[in-house]
Amino acid sequence: MEEVKLMKGNEAMAEAAIRSGVDAYFGYPITPQSEVIEYLMHEEPFKRTGMVVLQAESELAAINMVYGAAACGKKAMTSSSSPGISLKLEGISYMAGAELPCLIANVMRGGPGLGTIQPGQSDYFQAVKGGGHGDYNLIVLAPSTVQEMADFVNLGFDLAFKYRNPVMILSDGAIGQMMEKVTLPKQKERLSNEEIIKRYGSWATTGKPESRERNIITSLNLKSELQEIHNQHLQNKFKTAEKNEVRYEQIQCEDADYILVAYGTSARISQKVVQLGREKGLKLGLLRPITLWPFPKKIISELADHTKGFLSVEMSAGQMIEDVLLAVEGKAPVAHFGRMGGMIPSPSEVLDAVEKEINKILK
Amino acid sequence: MTEEIIIAGFGGQGVLSLGKILAYSGIMQDQEVSWMPSYGPEMRGGTANVTVILSDDRINSPVLNEFDTAIILNQQSMDKFESMVKPGGLLLYDPNGISHHPKRKDIKIATIEGAKEASELNNKKTFNMVIMGAFLKIHPIVLMENVHKGLEKSLPPRHHHMIPLNEKAIKVGMEEVKVIHDYK
């Protein structure tokens with residue numbers, strides 16, 4: 001029988017990590033995601049599945065522990081909130097360079113700096129445009145329900161190992177702290193070294209047999225000719241991901257005159273705005289990117305052919321709107337509505353913003 | 001059916017756990033639920049509130065600015081949430097500590113002496129269940145058998161011996177709630 005529970009997003013993600021056969025979690029507490037490590041320590045998965053849970057001495061230590069475990073072909077993850085993710089970016093860039101799969105969750109709060117402990121979405125640029133140095137991309141998943149906080153752990157690791165690249169769950173304090181009904185996945189076994197090799201090939205440093213050369217995991221290449229070849233290899237990988245991994249949800253877009261684009265908590269609020277708008281006779285729709293990278297450009301471009309306008313709703317000063325603008329290619333007006341500093345927009349203020357934009361278009 | 005509820009009061013009054021028991025009771029009757037707390041420093045002695053939604057359909061926004069029901073347990077929350085009750089909605093409050101009583105004419109207003117009843121039950125922690133009983137008397141959105149299951153689910157097993165007392169508190173709340181204004 002499926003197990004239905006009432007859980008916080010943070011707790012659901014932690015339990016899903018245990019059940020997805022994750023080998024190790026390394027973290028350092030920070031509001032609003034401290035429940036992740038609290039839950040793991042309370043559940044003691046080291047007794048249930050042998051999963052390692054460790055509170056590191058700092059974010060830097062945690063991400064480099066993830067590097068070490070990932071280099072051994074293990075499913076390793078970490079989580080933090082905005083200021084903590086900034087500290088982890090060096091390690092994340094190294095892992096992208098060294099082609100190491102891992103899962104990083106950012107339960108965003110308002111910034112910049114220490115900012116606030118309330119929810120925010122102002123790390124969009126950091127997550128989808130690099131964040132760390134060098135030409136790389138993260139595959140970025142944006143959950144908008146507690147269920148997705150759980151489901152994206154397994155999906156995240158599948159994608160991370162498929163592309164040998166770090167994957168980020170970009171959530172926010174509201175999704176992390178709220179409780180909803182969640183159906184938990186069945187317990188998966190953790191993989192042995194032999195199974196890792198069978199499934200993902202023998203790139204990991206699992207011990208050198210006589211039959212092959214030693215595996216080296218590094219992001220350093222002092223010969224520029226070789227580094228460029230490595231860069232091209234990475235770029236080809238990102239192109240393949242862009243082709244194959246775009247995920248999104250359309251809500252009442254079929255007949256919509258005006259479309260909201262939003263992810264995470266903003267997408268939940270925007271769903272309500274669509275409902276309220278339609279009750280007033282406004283044909284609204286919502287396009288919810290599930291992958292923020294790769295971004296659902298194609299569908300937005302197609303929708304732009306028969307839509308009067310778009311509103312990007314974000315808890316930021318306007319970051320995702322740049323990707324919406326690129327996708328729309330000038331075919332329709334694109335506006336932004338956002339709150340900052342940990343403020344969550346209410347459905348009625350978003351609806352007011354939509355009506356204002358529609359009136360501008362009609363003039 | 002969708003019921004959008006705000007429960008607001010001081011930290012320590014059991015606001016969040018009242019919301020959690022309501023949400024679990026909803027799950028027990030196969031409803032969709034969401035429980036969205038205020039979190040952060042304000043939880044320590046300041047105001048605490050939680051938005052709880054029970055619905056037969058998929059829940060869209062967990063964050064709302066108007067509610068079917070507001071359960072108000074201190075003055076600050078009264079000042080903030082009285083205007084956010086939908087016309088025809090319900091405002092339930094404990095008059096203890098309230099100096100400015102609600103003035104709305106287009107909603108149903110009910111009172112429950114939660115603090116008084118809880119101290120008569122010799123357990124101040126039953127306060128939130130007295131309040132819940134008062135709410136369920138006016139809006140019976142969850143069946144008592146599901147509340148029982150909800151209590152079992154949301155209380156840790158070591159506190160299960162407290163369930164009969166909590167159910168008694170719910171019953172007291174149902175008996176003592178007073179509708180002081182109706183919009184009809």
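Reminder, nothing fancy here: chain letters follow the sequence lines and each chain counts from 1. A quick note: this is a predicted structure, and the numbers were derived from the prediction, not measured. Heavy atoms only: backbone and side chains are in, while hydrogens, waters and symmetry mates are out.
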- [ ] Please lay out, stage by stage, how B/Ser34 and A/Met178 fare under the test side-chain contact (heavy atoms from CB on, under 4.5 Å).
- [x] CA-CA 7 Å; B/Ser34 85; A/Met178 71 184 282; 3.9 Å; yes

- [ ] Take A/Glu180 and B/Val33 through the side-chain contact (heavy atoms from CB on, under 4.5 Å) test and state the conclusion after the steps.
- [x] CA-CA 6 Å; A/Glu180 287 186 305; B/Val33 301; 5.7 Å; no

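More than 12 non-hydrogen atoms from other residues, nucleotides or ligands lie less than 6.0 angstrom from NZ of A/Lys181. Within a 6.0 Å sphere centred on NZ of B/Lys153, heavy atoms belonging to other residues, nucleotides or ligands number 12 at most. Surrounding NZ of B/Lys86 are more than 12 heavy atoms belonging to other residues, nucleotides or ligands, all under 6.0 Å away.
Of the residues considered (A/Glu349, A/Gln177, A/Lys5, A/Arg268), A/Arg268 shows the highest number of contacts with chain B, using heavy-atom pairs under 4.5 Å. Among the candidates A/Val273, A/Thr145, A/Ile269, A/Val274, the residue making the largest number of heavy-atom pairs closer than 4.5 Å to chain B is A/Ile269. Chain B forms the most heavy-atom pairs under 4.5 Å with one residue out of A/Pro345, A/Ser144, A/Pro119, A/Ala267, and that residue is A/Pro119.
Distance NZ/B/Lys20 to CG/A/Leu6: 7.0 Å, rounded to 0.5 Å.
For A/Ile251, the part lying under 4.5 angstrom from a heavy atom of chain B is the side chain only. Of the atoms belonging to B/Ile59, heavy atoms from both backbone and side chain fall under 4.5 Å from chain A.
When each of B/Val63, B/Asn65, B/Asn60 is tested with A/Lys272 by the rule side-chain contact (heavy atoms from CB on, under 4.5 Å), just one qualifies, namely B/Asn60.
With respect to B/Arg58 and A/Glu249, a salt bridge is recorded, a charged nitrogen being found less than 4.0 Å from a carboxylate O.
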